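Written out below as structure tokens is the structure these notes cover.
Remember, it's a predicted structure, so these values are computed and weren't measured experimentally. All chains are named by letter (A, B, ...) in the order of the sequence lines, taking the proteins before the strands, and each is independently numbered beginning at 1. Only heavy atoms go into these numbers, but all of them, side chains included; no hydrogens, no water, no symmetry mates.
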Number of protein chains: 2
Amino acid sequence: MNKNITMKDIADKLGVSKVTVSKALNDKDGVSEELKIKIKMVAEDMGYRYNALAKSLKVSNSYNIGVIIAERFTGDNRSFYLTFYQYISRILEEYHYSAILNILDSKDEERLNLPRIYNQRKVDGFIILGQVNKGYIELLQNIEMPIIFLDFYDEHIDIDTIITDNFYGAYEITNYLIKNGHRQIGYVGNLNATSSIQDRFLGYYKSLLEHRIKLNEEYIINDRDEKGKFIDLKLPDELPTAFVCNCDMIAYNLIKKLNDKGYKVPEDCSVVGFDNDIYATISDVKITTVEVDMEEMAKTAVRCIIEKMKNTNEKYGRISIKGNIVFRNSVKSL
Amino acid sequence: MNKNITMKDIADKLGVSKVTVSKALNDKDGVSEELKIKIKMVAEDMGYRYNALAKSLKVSNSYNIGVIIAERFTGDNRSFYLTFYQYISRILEEYHYSAILNILDSKDEERLNLPRIYNQRKVDGFIILGQVNKGYIELLQNIEMPIIFLDFYDEHIDIDTIITDNFYGAYEITNYLIKNGHRQIGYVGNLNATSSIQDRFLGYYKSLLEHRIKLNEEYIINDRDEKGKFIDLKLPDELPTAFVCNCDMIAYNLIKKLNDKGYKVPEDCSVVGFDNDIYATISDVKITTVEVDMEEMAKTAVRCIIEKMKNTNEKYGRISIKGNIVFRNSVKSL
DNA sequence: CTGAAAGCGCTTACAG
DNA sequence: CTGAAAGCGCTTACAG
């Protein structure tokens, strides 16, 4: 029944022109209030559905945003980025935009093939979720479309990107430990493995500095080699009273290790993590950690891309969003 | 530069008509092979991008599929359905369709509001991921668009749906236990909580029946109340040699419980799960389990919806897809 | 406040 | 093998 009812049909029924119908349905000026209401009612009655495609063709704007995630991030069932995508899709909806997901094949990434949704003008811009190859970034920078990177930062290239504030998050959670009376605080992570681990370390270090606590090299524990392969955690001879771990998984492993050696958490040693992922809550001791504020990051990304569509030469650079500490029971107050 | 190059521009450059260009670019008959090649080259040179919107308007087909997930399934970071969505998006791409995600608000679900992408004709069909309200199902059934349900089944309503074969999966994994010499096999799960748990129980029971093993009521352990609230697991006085658990999380809990009581898994008791989620691999003993074949389910869903778009009165009913057993080390051969 | 005309970029018959 | 004409359903100036 609903089949292909257009503005023309509504116009004919009411003896007005389709221009008037268009104005009424879009709440534009130039139609009397009564007529507007009447038109809306008739549209409703006739089961009219607006044809966004026709408008798109006219204004050359699809009202779709492509979200690109590199294939390698999508393997496991608990992909962080899919949750991110969900927020993006939801927030885009508030702006009356839709999200189209594009999983970027390793091959296409290597060969610098742009996605089909680009070549077919199905989207007005792209949000790139997570790291992609350098060559691909450059490729993307050269297309005449707004692009925002999310959760990825490259110091060598001039991109607009939204990242989580690793530095500040680690700084804050270390402050929290100190506020709870800790002065011997270790850090777990390989400082040269990723820039996140490094920035988190630096935040931890800033907190120590501010509180005039000397950094003890003994308290810095390696968790992986520089390629990212995890190694066995080696506890220092003399245990600090607390550890800041570069992520929850490592915090979880550390707690296990401590338990094995007969130490209890948090009674004998406090432990905090980062990420607030499943490892933070899976064992008996629930880990106090820093939660990446995905929603805020997604909101910012969407806001920026909408702005960039209006004004192409808008520049944002690097925006970092503060995470939130989630307090649980892995920290003892001394 | 690339700005708004159309078929007309290519046609003008070559002194042919845009009809010919359209035919060439779409690999249709009615253009000589040479001309076709020349047109494609010029298009490439000029940086032409096909305008899918214009075609869509013409053929009234958006080449987009909406994927609806109810809000309540998207809370946690490890959402099963987002992984499903990712497969769908990927497979749709092979058919040159795109996926648009729609998170269905609880309010919209309650008030029976169809998504904006429906009202604006941005999609040609819907895949509904997971359960939605009865009222909403009925609403969806009455729209003139192909719909496929995924991972959800309602016995009272006539819908096309793709589900995982709970019955057969549990049947197979129980067979595996028996093949390994087990004869005293328990089942963990509340038979009245969900139809999945019930179907899995029935598969387990079928395996026992086929092997002439008597069902021992003592061996059936409750894991939750009928509202789904988890309760403490109570081990039977006499322990069976193996347990089939209705999901990995419960398997994980059961193993913990057994360990607490001084039993080792699999040495003293074997345990298998269902789902192959994170709980299957998080503890030291890796759990043998049934993995839902998401990819195959997604493939089937996409195939069905594409078929339904071609032929509206195509009917599929209930299609169940067999899962795969993932063998690990929680089962001992007797 | 209302509407006739032109056009967005394609495709679909149909004619040559 | 090639192309002129009509049309998909809107919106955007512009004129009245």
Please report, rounded to the nearest Å, how far the [atom2] atom of [N] is from the [atom1] atom of [X].
| X | N | atom1 | atom2 | value |
| --- | --- | --- | --- | --- |
| Leu14(B) | dG3(D) | CG | C1' | 14 Å |
| Asp29(B) | dT2(D) | CG | P | 12 Å |
| Ile10(A) | dG3(C) | CD1 | P | 14 Å |

Letter by letter from the 5' end, nucleotides 6-16 of chain D scores (B base, S sugar-phosphate only, - none; protein heavy atoms under 4.0 Å) -BBBBBB----

For [X], what residues pass the ring-ring contact (aromatic ring centres under 6.0 Å, His included) criterion, not counting sequence neighbours?
| X | answer |
| --- | --- |
| Phe126(A) | none |
| Tyr97(A) | Tyr63(A) |
| Tyr87(B) | none |

Should we say atom NZ of Lys134(A) is surrounded by more than 12 heavy atoms from elsewhere, each under 6.0 Å from it?
-> yes

Let me have DNA chain C in dot-bracket notation, would you? Count Watson-Crick plus G-U wobble pairs, both distances under 3.5 Å, and use [ ] for pairs crossing earlier ones and | for inter-strand partners.
-> |||.||||||||.|||

State whether Tyr50(B) and Arg121(A) meet the cation-pi test: NZ (Lys) or CZ (Arg) under 6.0 Å from the six-membered ring centroid, and within 45° of the perpendicular axis.
-> no

Salt bridge (Lys or Arg N to Asp or Glu O under 4.0 Å) involving Arg72(A) - partner list, sequence neighbours excluded | Glu109(A)

Shortest non-hydrogen separation from Leu112(A) to Gly135(A) and the atoms involved = CD2-C, 3.6 Å

So, is Thr20(A) near the phosphate of dG3(C), with a side-chain N or O under 4.0 Å from OP1 or OP2?
-> yes

Kindly say whether Ala52(A) contributes a backbone atom to a donor-acceptor pair with the side chain of Ser56(A) at under 3.5 angstrom?
-> yes

